[in-house]
Amino acid sequence: MTSLLADAHVLTLDDAGTEHERGWILVENGLVAAVGAGEEPDADERTSLGGAVVTPGLVNTHHHLYQTLTRARAQQGTLFEWLVELYPTWAGIDAEAEYAAARTGIAELMLSGCTTVFDHHYVFPRGRTGLVEAEVQAARELGCRIVASRGSMDLGVSDGGLPPDALVEEIDAVLADTERLAGELHESGHGARVQIAVAPCSPFSVTGRLMTESAGLARRLGLQLHTHLAETVEEEAYCRELYDCTPVQYLDSLGWLDGDVWCAHCVHLSPAEIGRFAATGTGVAHCPTSNLRLGAGVAPVRELVDAGVRVGLGVDGSASNERSHLANEVKQALLVARGRGGPQAMTARDAFRLGTRGGAAVLGREDIGAIAPGLCADLAVWATDGLELGGAADTVAGLVFAGPHRVDRLYVGGELVVRGGALVRADEAEIARAHRAQAVRFAP
Ligand SMILES: [Zn+2]
């Protein structure tokens, strides 16, 4: 069975940056079989996209889906103040709430053009099971790829950490549960729908021993490794006081910086630390809206990209970026880069590349992130006949400059999962209703 998507402006984001103005994409067995312009190949079915822009599906590289349940709290807080206020509320999380939250966040992401979701879950109250499984179930039902991480915290407030003691776990339990989840859920190879990553939370909530043992486990099992790093000036002060070095130096001393690692935020990096990221192949999840929301600062993305560092985009958790809209993060990345470095600092196409190819590279995936023969047919179709793009001299740039759009169609592995701006496999209103019923349990 072959299907042809025709009459499209195709932004392939391949190595050469190829664009096809009157382009088409041939899909077979969930993969892109061919992409081009002009004379169309034969296909079993043909769909005209009416001049829409088609891009690779966006790849989200940092999120905490459960936080949709606790939006708009600690509104003026710094990261640490915000966390201390929210930890006790998050202690109420269970599989039912996690499932409702994951459906909400994933639905929002898909409607914003995202085909692969990474989630960093690190709150595991004692006795609650099935949290990561609930997220994976939500992604499978809605038709999105997911990289779910088994996060962790083991440095409670009585040992000098930030989280309450009731929310930290024992190292052995964390490692055993991570290995169990990897055994049950992780798929390797081309086109994987579900993957597991290892993700101890941060330098101020995890001991050095758990950091080190997590890295050892990830490398033994062939899993990607993730954490938060260098998000705020308070985190840097914390590391200098406890470890007598910066957060990056601390992680480096634990043997973390490597090609199988990506870190969220990386707002506060020195030029030498940017060089260290480049030399070791360590990746970055840039989360501009969350960084602005918490007043954390702006990551040096132009400098990171110029140094050859892998950089992707993340919406971050819904309690510090109340919207899981990844296309908006593409716009935001462009704006903050220009705010730092002037109008030449980032083009619209550079920003799209971060959100697609960049994200795929950060997650260690070579099968997604671009439109090219052999890659997964993960495609976002953006209508150009709405109010936002009329008069745009360049529709691709117009998409980014105009900001939040709802995708018209979304394909994951060649399957249509959003059509006409609506989820194909689920009812958006029902997801919102079920989410409201869970969110009241977390109300202040
Ligand atoms: Zn985060």
Side-chain angles (χ1 to χ4, degrees), residues 59-74 77-87 89-90 93 98 101-102 105-106 108-109 114 117-124 131-132 135 146-153 155 161-163 167 197-206 211 214 224-236 238 247 251 256 261-269 282-299 311-326 329 332-333 359 362-363:
V59 178
N60 191 43
T61 61
H62 190 66
H63 206 327
H64 312 286
L65 288 163
Y66 74 97
Q67 291 180 7
T68 58
L69 299 160
T70 59
R71 286 164 162 155
R73 310 281 177 93
T78 63
L79 172 69
F80 283 4
E81 292 162 349
W82 173 90
L83 282 168
V84 167
E85 183 170 331
L86 280 160
Y87 283 134
T89 307
W90 293 339
I93 193 77
E98 181 77 39
I106 292 170
E108 277 189 276
L109 279 164
C114 175
V117 177
F118 167 71
D119 191 62
H120 186 180
H121 192 80
Y122 56 85
V123 178
F124 292 86
L131 298 173
V132 173
E135 297 179 16
I146 188 166
V147 179
S149 65
R150 205 311 181 172
S152 55
M153 300 191 291
L155 185 63
L162 199 66
L167 272 187
V198 183
C201 188
S202 66
F204 51 83
S205 60
V206 178
M211 279 285 183
S214 294
Q224 300 287 304
L225 196 53
H226 179 64
T227 193
H228 292 99
L229 195 73
E231 183 172 355
T232 64
V233 289
E234 291 83 4
E235 178 189 334
E236 179 156 340
Y238 177 94
L251 214 63
W256 257 64
V261 174
W262 85 104
C263 301
H265 306 305
C266 301
V267 171
H268 302 281
L269 300 185
T282 308
V284 170
H286 175 42
C287 306
T289 300
S290 172
N291 297 152
L292 295 175
R293 185 334 188 150
L294 291 171
V298 175
V311 180
L313 300 180
V315 296
D316 201 1
S318 301
S320 66
N321 169 11
E322 275 68 3
R323 196 76 202 281
S324 298
H325 197 298
L326 194 50
E329 243 30 53
Q332 202 77 279
V362 158
L363 297 183

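Each ligand, and each atom within it, is numbered from 1 in the order the structure gives. Please read these numbers as outputs of a predicted model, since none were measured by experiment.
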Item to check | Passing option when H62 is tested against H120, H121, H286 for ring pair (Phe, Tyr, Trp, His ring centres under 6.0 Å) | outcome: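 Going through the options one by one, the only one that passes is H120.
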
Checklist entry - Looking just at side-chain N and O atoms, do S324 and S318 make a donor-acceptor pair shorter than 3.5 Å? => result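 There is such a pair between these side chains.
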
Item to check | Pair T70-W90, side-chain donor/acceptor within less than 3.5 Å | outcome: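 There is such a pair between these side chains.
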
Checklist entry - Does a side-chain heavy-atom distance below 4.5 Å link L229 with E231? => result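 When only atoms from C-beta onward are counted, E231 and L229 do not touch, as no gap falls below 4.5 Å.
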
Item to check | NZ/NE/NH1/NH2 to OD/OE distance under 4.0 Å, R71 and E108 | outcome: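 Salt bridge flag = yes for E108 with R71.
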
Next on the checklist: Here's one to test your reading of the geometry: is the NZ or CZ of R150 within 45 degrees of the ring axis of Y122 and under 6.0 Å from its centre?
Outcome noted: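 No, a cation-pi geometry is absent between R150 and Y122.
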
Checklist entry - Counting only protein N/O/S, how many atoms fall short of 2.8 Å from the Zn ion (ligand 1)? => result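 Excluding waters, the total comes to 4.
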
